[in-house]
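Below is a structure I'd like to ask you about.
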Amino acid sequence: MKFTCLSKGGGFHFPPCHVLNVCGFRILFDCPLDLSALTIFSPVPTGYRAVVDEKDSDCQPYSTLDSDCVTWKRQKIGKPLDANDLICAVPWYKIVKYLHLWNVSFIDVVLISSPMGMLGLPFLTRIKGFSAKIYATEVTARLGQLMMEDLVSMHMEFRQFYGPEGSTFPRWMEEEELDLRPSALREVVLGKDGAELGGWMPLYSAADVKHCLQKVQTLRYAEEVCYNGKLVIKAFSSGLEIGTCNWSINGPKRDIAFISSSIFVPAHAMSFDYHALQGKDIVLYSDLSSLDTMEGIEDGYSFLTTDSFSTLSWEESAQSLLNTSEHLEEREKLYYLCSCAADSLKASGSVLIPINRLGTFIQLLEQISASLESSSLKVPIYVISSVAEELLAYTNVIPEWLCKERQEKLFSGEPLFAHVELIKDNKLHVFPTVHSPKLLINWQEPCIVFCPHWCLRLGPVVHLLHRWSGDPNSLLVLESGHDAQLALLPFQPMEMKVLQCSFLSGIKLPKILPLLNVLQPKITLLPEDLRQKVRFTNVNPFSVFHYSENKTLIIPSLKDSSELEIATDLAFQFQWRNLKHENMNITRLKGELHVAHGKHWLHSGNKPSKSNSSKSRPLLHWGTPDLETLLSILSKMGINASVEQGVGVEGSKKACIVHVHDPKKALIEIGDTGTVISAVDENLASLIFEAMDSILDGI
Amino acid sequence: MKARQRGSQKEIKFHSMAIECLVLGAGQQVGKSCVVVSMNGKRIMFDCGMDMAYHDHRRHPDFSRISEYGDFDKALTCIVITHFHLDHIGALPYFTEVCGYRGPIYMTYPTKALAPSMLEDYRKVMVERRGEEEQFTSEHIVECMKKVIAVDVKQTVQVDKDLMIRAYYAGHVLGAAMFYTKVGDSAIVYTGDYNMTPDRHLGAAQIDRLQLDLLITESTYATTIRDSKYGREAEFLKAVHKCVLGGGKVLIPTFALGRAQELCILLEDYWERMNLKIPIYFSSGLTMQANMYYKMLISWTSQKVKETYSTRNAFDFKHVLNFDRSMISAPGPCVLFATPGWISGGFSLEVFKQWAPSEMNLITLPGYCAAGTIGHKLMSGKPSKIDLDKDTQLDVRCQIHQLSFSPHTDAKGIMDLVKFLSPKHVILVHGEKPKMATLKGRIYSELGIRCDDPANNETVCIPSTHHVEVGASNTFIRSSLNPNFNFSKMSSEDESDSRLKDGKFMPWLQVKDERAAEGILVEEKGKRAKIVHLDEFLLMLGEKKHDIRFAYCFPINTDNLEDTKSTDVSSSSNALSVSGRSSWLPMLYIKLSDELSGGNIQYFGEQIQVESFSVSLCLKDRCPYRIVDSPPNKCEAVFFCCAWSIADEKLAWKIISILENRNYGTL
């Protein structure tokens with residue numbers, strides 16, 4: 001078994017990507033896009049920019065809260081880069097850096113764990129020769145499709161502005177051009193080692209997306225699929241988002257659990273089903289979310305990491321995995337966010353929330369509308385996106401994929417999410433674009449707007465940022481973890497308040513070890529970066545391997561044999577022989593071997609086994625025959641024989657010949673490696689064979 | 001000498017166990033469904049229905065047969081409910097809350113969502129109608145549903161370490177499922193009610209090809225081949241349309257969930273297509289709230305309905321309005337859905353009293369109404385007067401349309417499913433006795449599958465599958481999976497001859513893949529049994545092979561051979577002009593080919609090979625294997641030397657006798 005990490009990814013929106021070789025099959029885990037790289041492009045210029053009201057510009061910087069759980073920060077904008085440094089061209093998109101170095105036609109299976117892990121998939125499926133089987137959960141496939149369609153439709157704006165792309169290499173990618181760019185920007189394009197230029201692609205088309213989705217086989221949670229008879233693949237909920245999953249892969253020689261970013265007790269999606277991953281031979285741990293938060297500190301950003309405010313007691317028990325503290329933290333963040341939004345609204349500022357995480361988005365919708373209700377603020381909420389209507393409708397028809405609390409709503413006949421009622425009550429308005437005529441009629445400020453895209457380069461958010469960036473009462477809510485400075489560059493000077501907020505995106509550091517203790521694998525694969533963070537004591541019953549990017553890890557085989565199931569009817573035909581000195585029982589067996597459902601099966605074949613008499617006859621003999629014994633056995637059978645010694649042909653080893661005269665003529669030629677029996681009739685030959693058989697070991 | 005014994009004590013044990021199937025309901029009848037299956041130490045109850053034709057203890061399955069002392073938690077591993085119809089779930093609250101079963105209960109999400117309303121409607125009718133003692137209360141229903149674990153279609157649910165269940169889409173009503181159940185190597189499917197053809201709002205049943213010991217299937221339409229449901233749906237729509245065109249009112253008595261939404265989706269679609277503006281009303285008992293369930297569960301409907309969710313959820317009924325009591329006597333046509341379904345009281349009865357006397361109006365009735373209800377009275381014949389109670393009589397002049405589209409599979413569907421799954425055994429339930437007997441015969445005669453149709457409270461035992469788990473060496477697996485091509489080639493001399501023989505053009509080379517897994521199962525004390533390849537085995541033991549072969553050298557009369565040559569060879573168009581010793585072997589080949597049926601006879605020029613048996617010309621003067629006494633006319637005889645191994649003992653002697661018989665036969 002071989003494991004290669006192609007990319008550790010970065011954050012919620014850019015999950016890791018790996019290749020696993022198992023059972024002779026090559027499995028690719030996820031195929032994401034690094035959309036944060038889009039920030040090097042300049043957004044489409046818009047016609048209007050809001051005039052900043054001088055009076056309002058002396059706004060109070062937003063104070064950070066003393067809460068231990070969350071840190072919010074008003075962005076202070078330094079100017080290492082200038083808006084003019086950004087690339088003015090139709091953006092290209094960056095796939096996983098080492099993926100383009102692999103021959104995709106050799107991939108057998110693609111497992112997609114989340115919609116984010118799907119965004120790069122059309123690049124693969126449109127390659128000629130790509131023939132892998134793609135598995136994703138039904139919801140991941142649907143949400144992924146909506147995200148890709150939205151991406152394509154937002155991208156259209158660039159095309160309309162810059163005109164159709166030439167088929168050639170864009171100018172900004174040329175070496176001379178890149179040399180003129182600031183180093184920070186160049187690094188995004190080329191990567192730290194300069195190897196990433198090949199990962200840039202012009203965006204796929206809507207047709208590519210459609211074609212891609214046709215190749216995806218969708219699954220329910222815990223639905224079994226069998227690839228090529230050998231691998232039994234199942235998806236289990238990971239809790240990160242609605243429909244996201246971890247994988248269980250059972251083969252004839254080993255059972256593997258693949259753990260992507262997971263959340264134990266999410267507020268919307270079905271919770272992390274780690275019980276289903278218990279007792280696997282190997283755990284591929286691919287939740288790198290705890291790394292992202294740590295990298296954040298090094299960059300000097302002031303969000304909190306998992307460990308800095310962790311008051312969790314270190315209990316190596318399954319109980320500790322399910323404690324609700326992180327759930328409460330997330331709630332508090334949302335409450336805080338709502339209160340900030342309310343403050344802005346009270347000051348007649350608008351609130352712009354370009355957060356595309358479905359769970360956060362839906363919960364914020366619920367929280368904000370509830371807090372508006374309670375503070376009796378009558379402010380419209382807009383959701384602007386080409387897929388918003390479908391997305392919101394979809395979330396209300398998938399109760400099977402939600403957490404227990406939401407499922408209870410199904411059983412009591414209430415809508416699963418509050419947005420259903422909000423739309424009905426005209427509190428929430430959904431529009432496909434900022435130019436929708438209905439929006440223009442409906443538009444009221446101040447208001448709350450949810451819209452894509454979080455990279456601040458695509459979609460309605462660009463227009464609204466241009467509009468409100470000068471308004472110090474307005475609020476922009478950003479997800480932390482990305483380079484906000486770079487992201488906000490084109491909108492400088494920013495008078496708008498900026499709230500950066502991190503949301504739970506995976507398993508927190510202190511929970512990794514308890515989780516592994518619960519799962520009880522024999523081998524665990526962890527990212528190299530966690531080597532220092534997750535320390536294993538010697539008492540851990542499993543061995544740990546650390547992987548790093550673009551290095552292939554070879555995992556030793558656990559068993560030298562495969563599992564095999566023998567059909568009972570075949571097993572009943574067994575004729576056991578006992579080898580006393582070896583203390584073993586042996587039996588010959590013959591059947592048809594099938595590989596199905598990750599197991600080997602031995603059935604008695606369609607052909608009836610050969611005639612019964614020969615069935616019991618051993619076909620293979622070993623040992624050295626003893627002449628004395630042979631003669632005595634023969635005489636017991638009523639066969640008289642005499643020995644003629646030493647007819648050694650080449651003088652090396654003598655073969656002896658036993659002559660039989662009575663009852664009939666026969667000859668036994670006993671050599672070093674074999675015996676030849678020659679008799680006048682079948683009966684005698686058979687008797688002699690039996691005698692030989694009894695003095696040799698055989699099967 | 002090494003001691004050895006055969007058939008010794010082994011560590012691998014075979015349990016010969018059976019699957020026991022106790023039919024507590026729906027045995028040779030269409031009524032309460034309840035089957036208890038025991039397999040490999042697990043006991044599962046499928047469905048827990050009630051028989052609405054009875055009002056005494058017979059309405060419930062005889063639970064005492066599960067556990068004499070009522071210790072149901074120990075006696076049952078779990079309960080599986082296939083869908084929300086009362087004849088499949090009606091006795092569940094009674095069993096859990098009154099009998100005290102506290103173990104797990106599994107059903108699909110829609111069934112869990114819709115069942116409480118069905119049970120509550122039924123409870124109300126029963127209590128209101130006769131004021132009879134409640135079998136269970138509303139609280140019982142709530143408490144019972146708390147024990148239910150909802151499952152998704154195709155989700156593999158591990159009930160415990162050994163018992164796995166999985167639901168498959170059954171199409172009968174929203175959320176109906178067939179359940180695949182597996183314990184160890186034994187597996188069964190219990191279908192519940194299902195429909196093999198898609199209809200307007202539900203898809204067709206769908207299941208994987210599974211290895212099954214037993215299939216327990218419904219057989220409501222055991223002998224009927226039905227036309228499509230569309231025809232009868234169209235009839236219903238036509239009747240409604242005709243009535244409202246004539247200015248009449250249509251009363252559709254239903255319960256809150258299920259039929260109401262199914263019919264409403266039909267009407268909505270029809271209204272849309274026909275551009276009708278006549279109002280469709282829901283009475284107060286049938287709130288729009290109930291539709292919310294269907295809206296959220298739209299992914300369980302047919303593909304066509306499912307696709308509508310984003311633009312307009314098909315259960316967002318556009319034409320449906322809320323009904324007010326004051327509108328009962330308002331003029332003008334309308335369609336009204338009113339509860340309860342069997343016109344046993346409540347609002348539907350109130351409306352019925354008002355609308356029944358007019359021949360312009362139309363009442364639709366469901367396929368089933370509980371005895372004693374107005375609905376039941378209307379179904380039996382076409383009464384012109386109905387006794388509402390002792391003192392009141394009502395003239396019934398309105399039209400009555402009975403809804404006949406029951407979403408069960410027909411005989412063809414059942415046969416198709418049985419054929420598709422090809423289980424080792426079939427048990428029929430939920431059907432009428434004589435029809436079941438016919439179907440049972442068909443399943444046996446056409447598909448060769450043993451089939452039973454037990455009556456209630458009978459137990460059927462069938463054998464179950466088991467496998468023995470062992471390890472297998474990589475060499476064994478590899479060698480078994482490698483193709484083992486067997487080439488049989490037409491020999492060049494013979495080729496022209498035999499190719500013309502049948503007037504058919506025989507291929508030069510025939511290739512067969514005769515791969516077979518052959519190995520040795522080794523069981524050492526304290527170790528897991530393991531299969532190794534033959535070659536590995538001796539290495540493992542550290543022993544050397546000792547080959548035992550047979551040899552036989554015998555003469556064949558040459559005169560006789562010449563005869564054969566002249567008769568066989570000269571008759572063919574291009575006779576071989578060979579003579580002498582070199583031609584004898586080909587002649588033997590021809591003989592063998594003629595007389596030895598089967599067997600792969602190959603001719604290699606120097607020798608003829610059949611499996612391990614080989615024969616060649618013996619040119620030695622004194623062959624050690626020439627055991628037989630030479631024939632008298634020695635000079636005329638040609639000797640042939642054979643050798644073979646024990647595997648082909650029978651074959652070898654057969655060939656020798658063929659060759660020798662030729663020889664001596666002419667003497």
Side-chain angles (χ1 to χ4, degrees), chain A residues 220-224 390 393 396-397 399-400 410-411 413 416 561-562 564-568 571 575-578 580-581 583-591 593 600 602 605 611 614 617 619-623 629 665-667 673-680 682 685 689 692 695-697 699, chain B residues 1-8 10 14 109 112-113 152-156 289 292-293 296 298-299 309-310 466-473 477 480-481 516-525 530-531 534 538 543-552 624-625 627-628 646-647 649-650 653:
Chain A
R220 305 270 183 146
Y221 282 146
E223 177 177 347
E224 255 180 30
E390 196 165 352
N396 214 45
V397 298
E400 303 87 357
L410 163 73
F411 300 131
L416 304 170
S561 64
S562 308
L564 190 140
E565 307 271 332
I566 304 174
T568 332
Q575 307 201 356
W576 291 91
R577 293 182 152 224
N578 180 258
K580 275 256 169 72
H581 77 300
N583 211 356
M584 57 168 64
N585 294 307
I586 54 172
T587 176
R588 175 177 285 277
L589 89 179
K590 182 174 182 177
L593 187 72
H600 292 109
L602 198 65
S611 59
S614 72
R617 290 287 177 79
L619 303 175
L620 174 73
H621 291 91
W622 60 94
T629 332
K665 245 174 95 177
L667 172 136
T673 57
T675 294
V676 179
I677 300 169
S678 184
V680 279
E682 186 177 351
F689 179 81
M692 281 305 291
I695 61 163
L696 287 165
D697 257 325
I699 181 75
Chain B
M1 181 180 148
K2 289 148 196 171
R4 176 180 64 209
Q5 71 187 95
R6 290 179 189 190
S8 65
K10 301 163 294 287
F14 310 117
Y109 282 94
K112 182 176 177 184
D152 198 356
V153 156
K154 288 191 178 172
Q155 182 189 345
T156 306
Q289 189 67 31
M292 187 55 88
Y293 286 106
M296 290 187 281
I298 197 161
S299 66
Y309 77 88
S310 61
H466 288 277
H467 284 92
V468 182
E469 203 185 298
V470 298
S473 80
I477 300 277
S480 311
L481 291 176
E518 267 187 280
I520 291 171
L521 180 59
V522 182
E523 196 183 60
E524 270 179 279
K525 281 252 159 60
K530 186 177 173 180
I531 304 177
L534 278 173
L538 287 179
E543 294 276 2
K544 248 170 47 189
K545 186 177 170 180
H546 189 93
D547 201 19
I548 302 180
R549 285 181 70 78
F550 295 88
Y552 188 70
Y625 311 127
I627 304 291
V628 242
I646 184 71
E649 193 189 19
K650 289 270 170 208
W653 288 107

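Heavy atoms only: backbone and side chains are in, while hydrogens, waters and symmetry mates are out.
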>> For the CG atom of Leu481(B) and the CG atom of Leu593(A), what is their distance to the nearest 0.5 Å?
In response: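 These two atoms lie 5.0 Å from each other.
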> Is the shortest heavy-atom distance from the side chain of Thr587(A) to the side chain of Glu523(B) under 4.5 Å?
Replying inline: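 A side-chain contact is absent here, since even the closest heavy-atom pair is not under 4.5 Å.
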> What pairs with Phe411(A) under ring-ring contact (aromatic ring centres under 6.0 Å, His included), at least two apart in sequence or on another chain?
Replying inline: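 Counting only residues at least two positions away or on another chain, Phe411(A) forms no ring-ring contact (aromatic ring centres under 6.0 Å, His included).
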> Any idea which of Leu602(A), Leu620(A), Val676(A), Leu416(A) has the most non-hydrogen atom pairs under 4.5 angstrom with chain B?
Replying inline: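 Top option by heavy-atom pairs under 4.5 Å: Val676(A).
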>> Within this structure, what is the CG-CE distance for the pair Leu410(A) and Met296(B), rounded to the nearest 0.5 Å?
In response: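 Going from the CG atom of Leu410(A) to the CE atom of Met296(B) covers 5.0 Å.
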>> As an exercise, state the distance from NZ of Lys545(B) to OG1 of Thr673(A), rounded to the nearest 0.5 Å.
In response: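 Reported to 0.5 Å precision, the distance equals 9.5 Å.
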>> Under a 4.5 Å cutoff for heavy-atom pairs, which residue among Glu223(A), Met692(A), His600(A), Glu682(A) has the most contacts with chain B?
In response: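 Most pairs with chain B among the choices: Glu682(A).
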> Most heavy-atom pairs under 4.5 angstrom with chain A, which of Ser480(B), Ala113(B), Ser299(B), Ala551(B)?
Replying inline: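 Option with the greatest count: Ala551(B).
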> Contact part of Lys112(B) toward chain A, heavy-atom cut-off under 4.5 Å: side chain, backbone, both or neither?
Replying inline: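 Answer is both: backbone and side chain atoms of Lys112(B) are under 4.5 Å from chain A.
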>> Return the OG1 to CZ distance between Thr675(A) and Arg549(B), rounded to the nearest 0.5 Å.
In response: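 One gets 12.0 Å once the value is rounded to the nearest 0.5 Å.
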>> Looking at every heavy atom in both Ile520(B) and Leu589(A), which two are closest together, and how far apart are they?
In response: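 For Ile520(B) and Leu589(A), the tightest heavy-atom pair comes out as N-CD2, 3.9 Å.
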> Which one of Ala666(A), Ser562(A), Pro399(A), Ala685(A) has the most heavy-atom pairs closer than 4.5 Å to chain B?
Replying inline: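 With the most close heavy-atom pairs to chain B, the winner is Ser562(A).
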> Side chain, backbone, both or neither: which part of Ile548(B) has a heavy atom under 4.5 Å from chain A?
Replying inline: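 For Ile548(B), backbone and side chain are both near chain A.
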>> As an exercise, state the distance from NE2 of His621(A) to CG of Asp547(B), rounded to the nearest 0.5 Å.
In response: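 His621(A) atom NE2 to Asp547(B) atom CG measures 10.0 Å (nearest 0.5 Å).
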> With chain B, which of Glu224(A), Glu400(A), Arg220(A), Glu390(A) has the greatest number of heavy-atom pairs at distances under 4.5 Å?
Replying inline: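 The answer is Glu400(A).
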> How far does CG of Leu521(B) sit from CG of Leu564(A), to the nearest 0.5 angstrom?
Replying inline: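 So the gap between those two atoms works out to 9.5 Å.
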